[in-house]
Amino acid sequence: MNAEYDVLVSAPEISEKIRKLGEELTELYAGEEVVVIPLLRGAFMFAADLIRAMNLPVRVEFLGAASYGEETVSSGEVRLTLDTSFPLHDKNVLIVEDIVDTGLTLAYIQKLLQSRNPRSIRSVVLLDKPSRRTVEVDLHRTLFTIPDKFVVGYGLDGPGGFWRNLPDIVALREETENTHSE
Ligand code: IMP
């Protein structure tokens with residue numbers, strides 16, 4: 001047992017859900033191309049596994065969005081730290097996000113990408129903390145609903161930017177819990 005954290009979602013549970021989501025998306029977009037857009041940095045690992053579970057012509061673009069500064073409470077302001085490199089007009093856009101908390105980040109990104117007139121736009125989210133939602137956000141799929149705990153691992157970082165390389169998703173105990181990051 002680890003003194004610093006509790007495992008909320010294990011690596012095998014994650015890969016099983018991603019396998020199923022990949023199959024579902026393969027059927028949904030059959031015959032079409034998809035532009036997969038992971039939101040950096042937390043969604044990079046989820047996206048890397050998801051695209052390998054999708055048997056489709058896929059392109060990958062990255063968006064960087066920072067929703068939290070030094071504080072644990074979102075200001076509601078989202079800062080774009082990296083933008084896509086080609087027009088999304090008439091493309092099937094699949095946004096890949098690590099976690100939806102207040103919903104502010106994803107709502108902002110959805111509005112931004114919608115303004116570029118894609119053919120379709122959907123969001124798939126690894127973790128959902130519905131108890132913290134302040135804005136309504138359209139989610140095509142969420143893989144795991146979790147309680148209001150600060151989680152790290154499988155791409156999500158914690159204090160100091162560490163913990164992303166843990167294969168499981170874990171809740172940090174009080175003493176290690178700290179600020180949110182991008
Ligand atoms: P929202 O805008 O409040 O929905 O926040 C979403 C962003 O906050 C995510 O993309 C994460 O980067 C970050 N975030 C929220 N909760 C957590 C958490 O428990 N662990 C790590 N990052 C988190």
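The analysis underlying the following values was restricted to heavy atoms, covering all of them including side chains, and did not include hydrogens, waters or symmetry mates. Just so it is clear, the structure is predicted and the values come from calculations on it, not from any experiment. Order of listing sets the numbers, starting from 1, for every ligand and every atom in it.
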Find all atoms of ligand 1 within a distance of less than 4.0 Å from any non-hydrogen atom belonging to Leu156, and give their numbers and elements. 20 (N), 21 (C)
Per-atom contacts, ligand 1 versus Lys149 - under 4.0 Å to a heavy atom: 19 (O)
Salt-bridged, Arg116 to Asp83, with N to O below 4.0 Å? yes
Close-contact set for ligand 1 against Thr105 heavy atoms, below 4.0 Å: 1 (P), 2 (O), 5 (O), 6 (C)
Report yes or no: does Val152 have a heavy atom closer than 4.0 Å to ligand 1? no
If you count the atoms of ligand 1 from 1 in the order shown, which ones are under 4.0 Å from a heavy atom of Lys129? 16 (N), 17 (C), 18 (C), 19 (O)
Carboxylate-amine/guanidinium contact Asp128 Arg133, below 4.0 Å: yes
Arg173 to Phe150 six-membered ring, cation-pi geometry met (6.0 Å, 45°): no
Under the side-chain hydrogen bond (donor to acceptor under 3.5 Å, both in side chains) rule, collect the residues that match up with Ser10, sequence neighbours excluded. Glu13
Partner residues of Pro167 under the side-chain contact (heavy atoms from CB on, under 4.5 Å) criterion, sequence neighbours left out: Ala11
Between Lys20 and Glu16, does a salt bridge (Lys or Arg N to Asp or Glu O under 4.0 Å) hold up when you go through it step by step? CA-CA 6 Å; Lys20 284 193 185 137; Glu16 180 54 17; 3.7 Å; yes
Leu104 heavy atoms, cut-off 4.0 Å: which ligand 1 atoms fall inside? 2 (O), 4 (O)
Taking only heavy atoms of Asp157, which atoms of ligand 1 are found under 4.0 Å from at least one of them? 21 (C)
Mode of Asp101 contact toward ligand 1 - side chain, backbone, both, neither (heavy atoms, under 4.0 Å): both
Taking non-hydrogen atoms only, is Glu97 closer than 4.0 angstrom to ligand 1 via side chain, backbone, both or neither? side chain
We want to know whether Ser120 and Asn92 form a side-chain donor-acceptor pair, criterion being a heavy-atom distance below 3.5 angstrom. yes
Between Tyr154 and Asp49: side-chain donor-acceptor atoms closer than 3.5 Å: yes
State whether the shortest distance between N or O atoms of Val100 and N or O atoms of ligand 1 falls below 3.5 angstrom. no
So, regarding Gly103 and ligand 1 (criterion: nitrogen or oxygen to nitrogen or oxygen, under 3.5 Å), is there a contact or not? yes
